[in-house]
S.K.: 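Sending over a structure as structure tokens; questions will come in a sec.
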Protein chains: 2
Amino acid sequence: MLESDVYKRMIHAREKMSKSHKKIANYLIEHHETAPFLTASKLAKNVKVGEATVIRFAFFLNYRGYPDLQRHLQEALQRKMTSAEVLARTTDEDNFTENVVREVLGDDIQNMKQTLNQVDTAVFEQVVNEMIKAKRIYIIAYRSATSIGTFLEFYLDLILQNTEMIHQADGVSEHLLDITKDDLVIGLGFSRYTRRTVEVLKYVKQSDAKTVVITDHLLSPLVPYGDYKLVATTEINSFIDSFAAPMSIASALITALTRAEHVKVEKRLKELEGLWETFDVFYD
Amino acid sequence: MLESDVYKRMIHAREKMSKSHKKIANYLIEHHETAPFLTASKLAKNVKVGEATVIRFAFFLNYRGYPDLQRHLQEALQRKMTSAEVLARTTDEDNFTENVVREVLGDDIQNMKQTLNQVDTAVFEQVVNEMIKAKRIYIIAYRSATSIGTFLEFYLDLILQNTEMIHQADGVSEHLLDITKDDLVIGLGFSRYTRRTVEVLKYVKQSDAKTVVITDHLLSPLVPYGDYKLVATTEINSFIDSFAAPMSIASALITALTRAEHVKVEKRLKELEGLWETFDVFYD
DNA sequence: ATTTTTATGAAATATTTATTTCATTTTATG
DNA sequence: CATAAAATGAAATAAATATTTCATAAAAAT
């Protein structure tokens with residue numbers, strides 16, 4: 001039986017290998033992150049064997065040639081990457097679309113994984129810092145994106161008391177006049193980007209306020225107007241976008257903010273707790 | 001100044017790109033896990049541009065040739081990969097803000113998987129049927145749950161023109177008086193359940209309207225008042241709940257509805273498309 | 001509408017990379 | 001320590017891949 005995983009195949013055949021072959025196998029295993037991208041001659045040079053020996057090694061493992069071996073090494077690396085995710089992943093077997101809920105939830109899990117993989121944690125951290133520093137925070141979100149905007153506005157205003165969303169209006173909101181360089185503007189826009197969102201952000205960028213855009217793609221029209229860009233994938237097989245991933249990013253922003261400022265936030269929440277109790281806001 | 005990160009370089013040069021170049025950039029960004037391993041000719045074939053254009057794209061971004069661009073794409077992928085590996089090792093011990101995004105996204109992926117596993121597809125289908133049958137749809141959502149309510153209201157009203165959300169108000173909304181047995185009421189409530197949500201649902205149940213509750217737990221106080229119950233897990237390690245999973249359920253509801261009623265919906269969307277064009281709602 | 005500029009892809013060419021050949025060295029075996 | 005068998009690397013050849021050329025098409029400017 002022929003092993004499908006390259007590394008297992010190597011380990012399995014380890015005893016039958018010549019000295020040079022063992023050296024090659026060793027190198028491939030030790031440099032599993034870089035070796036899959038080397039050409040045959042460079043690999044030969046690094047391992048200090050002849051080029052031909054590298055080629056023979058590929059044949060020895062029953063591959064059709066060096067490019068074939070290389071392809072398998074690269075694929076194994078990618079598999080490792082996804083399995084390195086903290087989360088036990090959904091077995092792709094149960095991903096056949098038995099019905100719409102499962103299909104959409106499945107797609108959204110993919111979206112979140114992709115978002116997790118491509119998120120730039122340094123940028124995220126900077127955004128949290130800007131939120132802490134900001135005198136006022138303005139949120140720009142129109143049409144469907146309002147949902148995410150509402151969520152952010154609710155919690156940011158709860159915690160910081162300095163946040164408001166600029167609502168869809170016929171004319172341009174008067175609030176835009178008030179924005180100064182000490183403020184932070186968060187723009188939310190996803191595929192079928194609403195023109196007004198782009199225009200407002202463009203206008204805002206003229207004042208010296210810092211801007212954050214949360215969008216679905218690095219080539220989105222909002223990107224040019226964001227000092228910081230957070231990308232959350234929203235693609236599902238539907239005429240709408242799904243905002244699961246942006247929602248998660250929003251939750252992460254609020255969570256990070258409260259952790260960074262936990263002393264202030266705890267004080268504030270204690271006060272609120274009293275208020276909520278007085279007005280019997282929650283069910284228990 | 002020349003950007004070192006390939007993707008940043010692409011974003012920076014985005015405006016100066018020709019149509020074909022944008023197509024290539026798009027493809028590279030969307031397939032960032034596979035594209036770095038393609039040869040120039042295969043990439044050209046996938047993007048449906050000439051081979052030469054791909055080469056030109058590499059020069060355009062100031063690389064020495066296609067292999068150089070390819071090397072940078074691969075390196076960028078590896079950087080992300082190793083940072084994913086680092087994440088795999090860091091457990092909940094260190095709560096530095098840098099890892100909060102990954103932590104929350106990871107938790108939310110878990111939430112979505114759990115939601116996927118426990119969702120009752122039969123109930124989901126029934127809910128979609130009730131939405132189709134309903135004369136009017138009312139959405140009850142207060143405080144943070146408003147975000148999900150907004151999303152549902154936006155699209156349901158877009159498609160069916162018979163949906164509204166009952167907003168948080170000091171007194172009880174007058175809309176409640178209008179609810180009849182032909183209507184559908186969707187209640188949204190998650191942990192720290194707002195008392196008013198429960199009360200309003202309780203009241204609604206006295207009329208003979210059908211009710212759906214979307215909540216985070218089968219023991220939630222909303223459950224007794226729902227003819228249909230959809231459970232979406234929202235737990236993250238934070239003082240807030242994350243609504244990624246409920247958002248995905250909402251997207252699924254709208255998607256299922258549009259698929260079931262695609263003739264009507266397509267007609268409606270066609271009309272809207274004209275309106276949107278007239279008022280130049282979308283960018284591009 | 002017409003000209004000029006720019007971008008494009010097919011094909012030709014150049015370069016790089018993989019494979020084979022073959023003389024030589026190493027290793028295993030009696 | 002011979003001798004056969006196996007393995008090796010340098011060089012030659014083959015194959016694949018990248019780059020350039022050039023005629024044509026698309027966009028932009030006039």
Side-chain angles (χ1 to χ4, degrees), chain A residues 6 9-29 31-77 219 221, chain B residues 6 9-29 31 34-77 283-284:
Chain A
V6 211
R9 209 184 272 202
M10 282 196 266
I11 290 160
H12 193 253
R14 140 178 47 74
E15 283 129 349
K16 291 167 195 159
M17 285 182 195
S18 70
K19 238 176 175 176
S20 302
H21 282 185
K22 273 184 191 151
K23 271 168 77 184
I24 295 169
N26 248 320
Y27 186 94
L28 290 181
I29 288 169
H31 301 80
H32 66 276
E33 289 199 356
T34 51
F37 308 120
L38 299 175
T39 63
S41 66
K42 275 179 194 153
L43 177 58
K45 210 173 143 198
N46 291 358
V47 184
K48 295 202 177 69
V49 298
E51 205 174 331
T53 306
V54 169
I55 304 300
R56 288 187 195 106
F57 182 77
F59 288 133
F60 168 78
L61 289 179
N62 266 100
Y63 291 106
R64 319 176 71 147
Y66 182 74
D68 191 29
L69 166 62
Q70 196 182 38
R71 210 192 78 238
H72 279 81
L73 288 168
Q74 289 173 356
E75 277 171 5
L77 182 57
L219 295 179
Chain B
V6 209
R9 210 183 270 202
M10 282 196 261
I11 291 159
H12 194 255
R14 145 181 38 74
E15 283 130 347
K16 289 167 195 159
M17 283 183 196
S18 70
K19 238 176 177 173
S20 302
H21 282 185
K22 273 186 190 148
K23 271 167 77 185
I24 295 170
N26 246 316
Y27 186 93
L28 291 181
I29 288 170
H31 301 79
T34 51
F37 307 119
L38 299 174
T39 63
S41 65
K42 274 178 194 153
L43 176 58
K45 210 173 143 199
N46 290 358
V47 183
K48 296 200 177 68
V49 299
E51 205 174 330
T53 305
V54 169
I55 305 300
R56 287 187 196 107
F57 182 77
F59 288 132
F60 168 77
L61 290 178
N62 266 101
Y63 291 106
R64 319 177 72 144
Y66 180 76
D68 191 28
L69 165 63
Q70 196 182 36
R71 210 192 79 237
H72 279 82
L73 287 168
Q74 289 173 355
E75 278 171 5
L77 180 59
Y283 189 90
D284 258 349

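All of these numbers come straight from a predicted model, not from anything done at the bench. Sequence lines set the chain letters: A, B, ... in the order given, protein chains first and strands last, and positions in each chain run from 1.
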S.K.: Could you state the atom-to-atom distance from CZ of B:Phe57 to P of D:dT19 in whole Å?
M.R.: 14 Å
S.K.: For residues B:Tyr27 and B:Ala35, report the shortest heavy-atom separation together with the two atoms involved.
M.R.: CE2-CB, 4.0 Å
S.K.: Could you give the CG-to-P distance, from A:Asn46 to D:dG9, as a whole number of Å?
M.R.: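 About 14 Å, once rounded to whole Å.
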S.K.: Walk along nucleotides 12-25 of chain C from 5' to 3' and tag each nucleotide B, S or - by protein heavy-atom contact under 4.0 Å, base first, then sugar-phosphate.
M.R.: -----SBBBBB---
S.K.: Please report the shortest heavy-atom distance between A:Leu61 and A:Met10, naming the atom on each side.
M.R.: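 Heavy-atom minimum between the residues: CD1-CG, 3.6 Å.
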S.K.: If you take all heavy atoms of A:Met17 and A:Lys22, which pair is closest and at what distance?
M.R.: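 Answer, listing the atom of A:Met17 first, then A:Lys22: CB-CG, 3.8 Å.
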S.K.: Search all heavy atoms of B:Pro36 against all heavy atoms of B:Gln70 and return the closest pair with its distance.
M.R.: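 Reported closest heavy-atom pair: O-CG, 3.2 Å.
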S.K.: Heavy-atom contacts under 4.0 Å between residues 19-28 of chain B and DNA chain D, which residues?
M.R.: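 Residues of residues 19-28 of chain B that come under 4.0 Å of DNA chain D are, in numerical order, B:Lys19.
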S.K.: Which heavy-atom pair separates A:Asn46 from A:Leu38 by the least distance, and what is that distance?
M.R.: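 Reported closest heavy-atom pair: ND2-CD1, 3.5 Å.
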S.K.: Please report, rounded to the nearest Å, how far the P atom of D:dA27 is from the CE atom of B:Met17.
M.R.: 18 Å
S.K.: Can you tell me the distance, in whole Å, between the CZ atom of A:Phe60 and the C1' atom of D:dT8?
M.R.: 15 Å
S.K.: For A:Glu51 and A:Ala44, which heavy atoms make the closest approach, and how far apart are they?
M.R.: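 Taking A:Glu51 first and A:Ala44 second, the nearest heavy atoms are CA-CB, 3.6 Å.
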S.K.: So, for A:Phe57 and A:Tyr66, is the gap between ring centers shorter than 6.0 Å?
M.R.: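 No - the distance between ring centres of A:Phe57 and A:Tyr66 does not fall below the 6.0 Å cut-off.
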S.K.: Would you confirm whether B:Arg9, through its side chain, and B:Val6, through its main-chain N or O, come within 3.5 Å as a donor-acceptor pair?
M.R.: no
S.K.: Tell which nucleotide pairs with D:dA28, taking only Watson-Crick or G-U wobble pairs whose two distances are both under 3.5 angstrom.
M.R.: C:dT3
S.K.: Under 4.0 Å between any heavy atoms, over every strand shown, what does B:Val49 touch: base, sugar-phosphate, or nothing? Just pick one.
M.R.: sugar-phosphate
